[in-house]
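No experiment lies behind these values; they were computed from the predicted model shown.
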There are 2 protein chains.
Amino acid sequence: MHQSCLADRLGRFLHLAEPELRALAALEDTERLVPRGTMLRAEHAASREFYVVRRGWMYSSILLFDGNRQILSMHLPGEFAGEVGLAWEKAPFTITAATDTVVRVIDKAAIRGIVEDQPRIAALLLLLAQIERVTLADRLASIGRTSAKSRVAALLVDVLRRLRAGGEPVEEGIVLPLTQEEIGDATGLTAVHVNRMMRHLTDDGLIVRSNGRVRIADEARLAGIGSHVDRYAAIDLSWLPPRRGEIDDRA
Amino acid sequence: MHQSCLADRLGRFLHLAEPELRALAALEDTERLVPRGTMLRAEHAASREFYVVRRGWMYSSILLFDGNRQILSMHLPGEFAGEVGLAWEKAPFTITAATDTVVRVIDKAAIRGIVEDQPRIAALLLLLAQIERVTLADRLASIGRTSAKSRVAALLVDVLRRLRAGGEPVEEGIVLPLTQEEIGDATGLTAVHVNRMMRHLTDDGLIVRSNGRVRIADEARLAGIGSHVDRYAAIDLSWLPPRRGEIDDRA
DNA sequence: CGCGATATTGAATAACATCAAATCCTGTGG
DNA sequence: CCACAGGATTTGATGTTATTCAATATCGCG
């Protein structure tokens with residue numbers, strides 16, 4: 001993977017043309033290392049940039065008045081982080097590294113050029129934003145309307161499937177680099193109760209744990225318990241503009 | 001308001017140029033009446049279009065395997081509904097009319113032309129998608145990490161402020177056209193518990209109720225209880241492409 | 001080895017759900 | 001205008017789930 005990370009991300013959805021690749025390659029600037037536990041960007045900090053995760057796990061969270069924290073989404077290798085900041089000068093979320101992380105920094109102002117010159121990329125960015133909305137909505141339904149056990153199951157299946165989509169090896173088990181505290185903040189539970197639910201899932205033979213490593217023993221059943229829907233299965237790209245200079249032969 | 005509804009929505013954020021207005025006006029097609037309680041679009045139905053609400057309230061929801069429902073967001077007059085469908089051929093959410101409703105139908109394929117010809121509109125659509133994501137994230141934090149009372153308070157303040165932003169008269173109280181069952185589905189509570197929380201809020205003098213009408217008596221305090229943040233306060237438009245044919249004098 | 005962070009388990013408590021019954025409200029037909 | 005039906009609201013009693021508090025065990029790391 002020597003091309004632009006942004007191109008890697010977008011290339012998962014469609015085959016990018018040469019000019020598109022060149023435009024994307026021109027964007028990327030610095031690479032940044034973020035050690036485990038540190039914030040890449042705090043809520044209310046300036047948000048002049050967003051990120052593509054290259055290695056490691058990050059997550060976005062909101063801090064409430066009372067000090068409680070809600071983790072909103074995980075950012076796994078290959079995925080974006082911080083694009084919501086597009087709409088504000090001050091970041092609405094905190095982005096934290098769950099592991100030692102490497103990110104690429106993309107200047108927000110650069111999006112202007114992309115939108116002007118590469119309409120297909122612009123449409124794809126719009127599409128990606130919708131996918132993220134639905135992901136968030138699924139999590140909302142999980143937290144609002146399912147049991148503690150289901151919520152933990154849903155989280156596990158979600159990260160498993162996204163890691164797999166990103167090309168990571170997962171069948172032999174994954175290292176889940178989240179503390180139970182963090183899983184709790186993501187699922188709306190306490191760390192103590194997360195622990196109990198993980199024990200239940202283990203006792204039921206759905207997952208296998210050994211020093212930090214988690215293997216999903218029965219993905220289908222876990223997905224059932226978590227009411228998990230794989231949204232990436234049937235993305236509709238038919239409405240995107242055609243590649244520049246090509247005949248649009250879809251209609 | 002004789003111009004395009006889409007233009008009304010987008011025009012809240014920036015001043016649209018003539019060619020942009022013309023491009024938007026060309027999009028709108030049919031107007032549709034949706035009676036209270038009926039679905040404008042069901043989950044898994046074809047999603048070749050999205051909507052701008054003209055009159056009335058709608059909401060999007062997800063149905064879980066066990067029959068439980070989570071209401072994800074309200075769609076108030078002037079707002080969009082169903083744009084998440086952009087990314088799929090089959091709608092991920094159900095859209096239901098909470099009141100008798102009038103919507104405008106916009107064909108999804110028409111977005112292609114807009115993105116190709118009106119980059120500033122494309123960027124604005126991308127920005128709006130981010131705003132919706134943050135709105136959803138705020139609701140997620142509310143449901144995941146606050147008490148039942150806070151969640152109901154947050155919902156009330158949210159709709160109040162959005163109605164106000166849409167130019168509706170709210171200071172004399174609003175008719176809340178949601179059953180307690182629906183409020184429950186939106187906040188992750190049961191209808192019974194919603195009722196008790198509304199009683200608490202009433203007893204505390206935060207809201208005043210009289211046959212279906214709700215007046216927010218103490219918006220600031222209610223917003224505090226609900227941990228409500230007004231995200232519309234400081235939108236950043238600086239990265240948008242300039243209007244066509246104009247000098248970009250912002251940098 | 002030993003320290004701090006994380007995980008695990010138990011017991012008591014609080015928050016919310018469930019079940020059930022009564023009341024209110026709205027629209028409809030006589 | 002009234003009666004009535006059906007949905008929505010309200011309230012109480014009880015059950016369940018998840019939280020809180022507390023104590024112990026384990027892990028990772030210098």
Side-chain angles (χ1 to χ4, degrees), chain A residues 35-38 57 64 66-71 96-100 142-156 175-203 207-214 225, chain B residues 35-38 57 64 66-71 96-100 142-156 175-203 207-214 225:
Chain A
R36 177 192 143 78
T38 61
W57 291 34
L64 297 175
D66 59 11
N68 256 323
R69 179 176 74 158
Q70 175 69 47
I71 292 181
T96 309
T99 67
D100 288 343
S142 175
I143 293 178
R145 280 286 179 241
T146 76
S147 70
K149 193 167 162 183
S150 296
R151 297 185 212 174
V152 175
L155 181 80
L156 291 174
V175 177
L176 191 68
L178 301 171
T179 64
Q180 294 179 354
E181 182 87 42
E182 287 167 331
I183 296 174
D185 283 345
T187 52
L189 301 167
T190 56
V192 172
H193 206 57
V194 167
N195 184 282
R196 288 190 230 272
M197 295 305 107
M198 300 270 288
R199 161 149 289 287
H200 279 198
L201 294 174
T202 307
D203 291 348
I207 62 176
V208 178
R209 293 181 295 163
S210 53
N211 43 340
R213 183 169 282 268
V214 172
I225 290 174
Chain B
R36 177 191 141 76
T38 61
W57 291 34
L64 296 175
D66 59 9
N68 256 323
R69 180 177 72 159
Q70 175 69 47
I71 292 180
T96 309
T99 67
D100 288 344
S142 175
I143 293 179
R145 280 286 179 240
T146 76
S147 69
K149 193 167 165 184
S150 295
R151 298 185 213 174
V152 175
L155 181 80
L156 292 174
V175 177
L176 191 67
L178 301 171
T179 64
Q180 293 179 355
E181 181 88 40
E182 287 167 330
I183 297 174
D185 283 344
T187 53
L189 301 167
T190 57
V192 172
H193 207 60
V194 168
N195 184 283
R196 288 190 230 271
M197 294 306 106
M198 300 269 290
R199 161 149 290 286
H200 279 200
L201 294 175
T202 307
D203 291 348
I207 61 176
V208 179
R209 292 182 296 163
S210 53
N211 40 340
R213 183 169 282 267
V214 172
I225 289 173

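- With contacts defined as side-chain heavy-atom distances shorter than 4.5 Å, the pair A:Gln70/A:Leu64 does not qualify.
- Rounded to whole angstrom, the span from the CE atom of A:Met197 across to the P atom of D:dT19 amounts to 9 Å.
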Working for side-chain contact (heavy atoms from CB on, under 4.5 Å), residues B:Leu156 and B:Ile183: CA-CA 10 Å; B:Leu156 292 174; B:Ile183 297 174; 5.6 Å; no

Could you pull out the protein-nucleic contacts involving nucleotides 5-12 of chain C (nitrogen or oxygen on both sides, under 3.5 Å)?
from   : atom 1 : to       : atom 2 : distance (Å)
C:dA7  : OP2    : A:Gln180 : N      : 2.7
C:dT8  : OP2    : A:Gln180 : NE2    : 2.5
C:dT8  : OP2    : A:Asn195 : ND2    : 2.6
C:dT8  : OP2    : A:Arg209 : NH1    : 3.2
C:dT8  : O5'    : A:Asn195 : ND2    : 3.0
C:dT9  : OP1    : A:Arg199 : NH2    : 3.4
C:dT9  : OP2    : A:Arg199 : NE     : 2.4
C:dG10 : N7     : A:Arg196 : NH1    : 3.3
C:dG10 : O6     : A:Arg196 : NH2    : 3.3
C:dA11 : N6     : A:Arg196 : NH2    : 3.1

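- When all heavy atoms of A:Asp185 and B:Arg145 are compared, the closest pair comes out as OD1-NH2, 2.9 Å.
- A straight line from NE2 of B:His193 to P of D:dG15 spans 18 Å, rounded to a whole angstrom.
- Counting to the nearest Å, the P atom of C:dT18 and the CG atom of B:Asp66 are 11 Å from each other.
- Considering all non-hydrogen atoms of both residues, B:Pro35 and B:Ala97 come closest at O-CB, 3.7 Å.
- With rounding to whole Å, B:Leu189 atom CG is found 14 Å from C:dA15 atom P.
- When atom types are taken as modelled, the side chain of A:Arg151 and the backbone of A:Thr187 share a donor-acceptor pair closer than 3.5 angstrom.
- Heavy atoms of B:Gly37 sit nowhere under 4.0 angstrom from any nucleic acid atom.
- Atom CG in B:Leu176 sits roughly 13 Å away from atom C1' in D:dA8 (whole-Å rounding).
- In this structure, A:Val175 and A:Arg213 approach most closely via the heavy-atom pair CG2-NH2, 3.5 Å.
- Residue contacts shown for A:Gly188 are limited to sugar-phosphate atoms, with no base heavy atom under 4.0 Å away.
- For the pair B:Ile71 and B:Leu178, the minimum side-chain heavy-atom distance is 4.5 Å or more.
- What separates CZ of A:Arg145 from P of D:dA18 is a distance of 13 Å, to the nearest Å.
- For A:Arg36, the CZ atom sits in a loose shell: 12 or fewer heavy atoms of surrounding residues, nucleotides or ligands are nearer than 6.0 Å.
- The side chain of A:Thr190 lies closest to D:dT19, out of D:dT19, D:dA18, C:dC16.
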Atom pairs, N/O to N/O, protein against nucleotides 26-28 of chain C, distance under 3.5 Å?
none

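- Two residues are said to be in side-chain contact when any heavy atoms from C-beta on lie closer than 4.5 Å; A:Met197 and A:Gln180 fail this criterion.
- Taking atom CD1 of A:Ile143 as the reference point, atom C1' of D:dA18 lies 14 Å away to the nearest angstrom.
- Between B:Lys149 atom NZ and C:dA14 atom C1' the separation is 15 Å, expressed in whole Å.
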